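Remember, predicted model here, so these are calculated numbers, not experimental data.
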Amino acid sequence: MIDSLAAAAPHTAPMGAPCRLRTSPTVGRFVLHQATGKVLCGARREGKTTAGYLHWLHQAASLPESVRPLKVIVVRDTWTNLQRTTIATLEELQQRHGLPVTFTEDKHEAWVGGRAVRFFFVGLDSMKDLNKFQGFAAGGLWIEEPAQAATIDIGSGIPPEAFGIGITSLDQPGVVPSCIITMNPPDEDHWVLRLEDQIAALGKETILSVTFFSIPTGENPHISAEQRARNQAALEAIGRGDLVQRLVKGRPGFVVEGVPAMPGYSDELHVAKAPLQPLRKLPIIRLWDYGLTPVCLWTQVTALGYWYILGAAQGENIGLEQLIKGSVLPWEARILGDRSGWQFRDIGGPEATYREQSNSERSAMRTLEELLGLPGGYEAGPVEWAERREALRSVLDRNIMGRPVIQVDPDCRVVRRCLRGGAHYPRDGNGHIVQT
């Protein structure tokens, strides 16, 4: 069997013909680590898919003959990507390294290591494909590349439902169910990166845990420094520095799907080095947006003229009242304490006077007045996009004593995401900017 596995578990040798493969240290630790859930992140060509196959072979090695084969559901975003990557890697292990593999069902299934592991390959070309999980009675779930590669148009990624529904399909007799995720470092807000915190918040760590492994750039000896440099140069040449971080350097990043509306913004320049503290004698300026994704930003202009972005609250598919009760008031209680000692200015669009769709007798203005009082009144901001865009662009370029005027609190992720390219102009198929 594979050298690193045979050294750790000699009884794996009878599974098939000798198979020799040198793995990186992180891959070795990932394969041998025992956990109900494991995530392996790394740049492209760092051996993540190979590590997935080694993991399941190692898992099968601990099972008695009567329980084998270990049944594993393998999920990718599309069937085409499964064939081009995950299945292609298995064919390479078979042809170049002697791993025993037998494909069946037009490559939708594969027996690996004799009768050690039986893989069921599922491409999620649509959400309906989640129904394919039914009836598997599998022992393992393997999610490959759940994060989109570059944009929504190049591999759509895998939704979190695949993880949840897939786990419910793990009930193979005699097998402790487990799940692995192998992936390029995702967008920093991807659901995989939130798994650990969400499980902890539910208090379910005792029955479901997730351990993260990150392959350091350069650890894979099969990739030359020249190849890495060439990959980086290619991405930089097309203006995709965001992908250099994820696909070459192996770090979580932010996917920019078009041309940022605020090209002058930089995390390095505009994000404060430490959390920003509200200044008691200066008014807190609350900036509002409405609709079904309401937003409140807390800002201050300091005596020297710096514009502090102190905090942000954003809701999805909720009304303004829910945002204020669920996020705005708790933030102010936590950060400001007693609100009575603070001055407030409230600025937003003139649509605050319109009646809300959810309640024809209620407007955003009335909601603000009832829940917050609006002690400083309400100010209507500019409406035209060009006016708003140019005002923000100009202030992004300003400096006071060598320091940018805009300073964003490190925890204001929604603001940072927007300024880095979440607010963007899309490109058409020829790479031209669509001015909308």
Side-chain angles (χ1 to χ4, degrees), residues 1-2 15-17 19 21 40 44-45 47-61 63 65 67-149 152-159 161-173 175 177-184:
M1 203 51 206
I2 297 169
M15 286 187 185
C19 179
L21 181 68
L40 179 63
R44 282 187 168 173
R45 307 299 300 170
K48 302 182 296 295
T49 303
T50 297
Y53 285 118
L54 300 186
H55 163 83
W56 295 116
L57 286 167
H58 181 57
Q59 292 294 103
L63 299 176
E65 287 285 348
V67 174
R68 298 176 192 164
L70 171 62
K71 299 178 182 179
V72 179
I73 306 171
V74 186
V75 185
R76 263 219 71 159
D77 54 349
T78 67
W79 170 245
T80 298
N81 281 338
L82 264 173
Q83 291 178 297
R84 291 175 177 174
T85 58
T86 312
I87 294 175
T89 297
L90 184 56
E91 292 173 322
E92 183 179 354
L93 290 172
Q94 178 187 32
Q95 296 163 7
R96 296 183 57 185
H97 302 284
L99 181 65
V101 179
T102 300
F103 289 101
T104 61
E105 303 297 327
D106 196 23
K107 290 191 175 180
H108 284 74
E109 297 181 18
W111 296 77
V112 179
R115 291 187 58 84
V117 186
R118 185 181 179 185
F119 291 104
F120 300 85
F121 299 105
V122 177
L124 293 184
D125 293 88
S126 72
M127 289 294 285
K128 293 181 180 179
D129 289 319
L130 289 172
N131 294 325
K132 295 178 181 179
F133 290 176
Q134 296 178 357
F136 269 110
L141 173 68
W142 178 7
I143 298 177
E144 265 261 88
E145 300 297 357
Q148 60 190 41
I152 292 175
D153 299 318
I154 307 178
S156 58
I158 296 176
E161 287 81 1
F163 174 81
I165 296 174
I167 292 292
T168 67
S169 300
L170 303 182
D171 57 355
Q172 182 178 353
V175 177
S178 61
C179 171
I180 67 169
I181 300 174
T182 52
M183 64 192 304
N184 292 315

So Phe133 and Val75, do their side chains get closer than 4.5 Å, heavy atoms only? yes
Can you name the side chain to side chain donor-acceptor pair (under 3.5 Å) partners of Glu144, sequence neighbours left out? Thr49, Thr86, Thr182
Which residues pass the side chain to side chain donor-acceptor pair (under 3.5 Å) test with Gln95, sequence neighbours left out? none
Does Pro69 offer a backbone N or O that forms a donor-acceptor pair with the side chain of Gln172 under 3.5 Å? yes
Can you check whether Lys128's main-chain N or O pairs, donor with acceptor, with Asn131's side chain at less than 3.5 Å? yes
Does His58 form a side chain to side chain contact (heavy atoms under 4.5 Å, CB included) with His55? I'd like the steps, not just the answer. CA-CA 5 Å; His58 181 57; His55 163 83; 5.8 Å; no
If you compare all heavy atoms of Pro159 against all heavy atoms of Leu124, which two are closest, and at what distance to 0.1 Å? CD-CD1, 4.3 Å
If you look only at pairs with a residue in residues 132-141, which of them pass as a salt bridge (charged side-chain N to carboxylate O under 4.0 Å, His left out), with sequence neighbours excluded? Asp129-Lys132
Distance from Gln83 atom CD to Arg76 atom CZ, nearest 0.5 Å? 12.0 Å
For the NZ atom of Lys48 and the CD1 atom of Ile181, what is their distance to the nearest 0.5 Å? 13.5 Å
When rounded to the nearest 0.5 Å, the distance separating CD1 of Ile143 from CD1 of Ile158 is 6.0 Å
Phe119 and Tyr53 aromatic ring geometry - parallel, tilted or perpendicular at 30°/60° bounds: perpendicular
Let me see the working for Arg118 and Glu109 under salt bridge (charged side-chain N to carboxylate O under 4.0 Å, His left out), right down to the final yes or no. CA-CA 7 Å; Arg118 185 181 179 185; Glu109 297 181 18; 2.8 Å; yes
So which atom in Ser169 and which in Ile73 form the shortest heavy-atom distance, rounded to 0.1 Å? CB-CD1, 4.1 Å
Which pair of heavy atoms, one from Leu99 and one from Val112, lies closest together, and at what distance? CD2-CG1, 3.7 Å
Please find the pair of heavy atoms, one from Gly114 and one from Pro100, that lie closest to each other, and give the distance. N-CB, 4.0 Å
Kindly indicate, with the supporting measurements, whether the criterion side chain to side chain contact (heavy atoms under 4.5 Å, CB included) is fulfilled by Ile167 and Cys179. CA-CA 7 Å; Ile167 292 292; Cys179 171; 3.8 Å; yes
Stepwise, does the side chain to side chain contact (heavy atoms under 4.5 Å, CB included) test hold for Leu40 with Ile180? CA-CA 8 Å; Leu40 179 63; Ile180 67 169; over 6 Å; no
Locate the shortest heavy-atom distance separating Trp79 from Lys107; write the atom from each residue and the value. CH2-O, 3.4 Å
Quick check against the 3.5 Å criterion: does Asp77 have a side-chain atom that pairs as donor or acceptor with the backbone of Glu145? no
Closest non-hydrogen atoms of Val72 and Trp142, given as atom of the first, atom of the second and distance, are CG1-CB, 4.2 Å
Which is it for Leu90 and Phe103 under the side chain to side chain contact (heavy atoms under 4.5 Å, CB included) test, yes or no, and what are the steps along the way? CA-CA 10 Å; Leu90 184 56; Phe103 289 101; 3.9 Å; yes
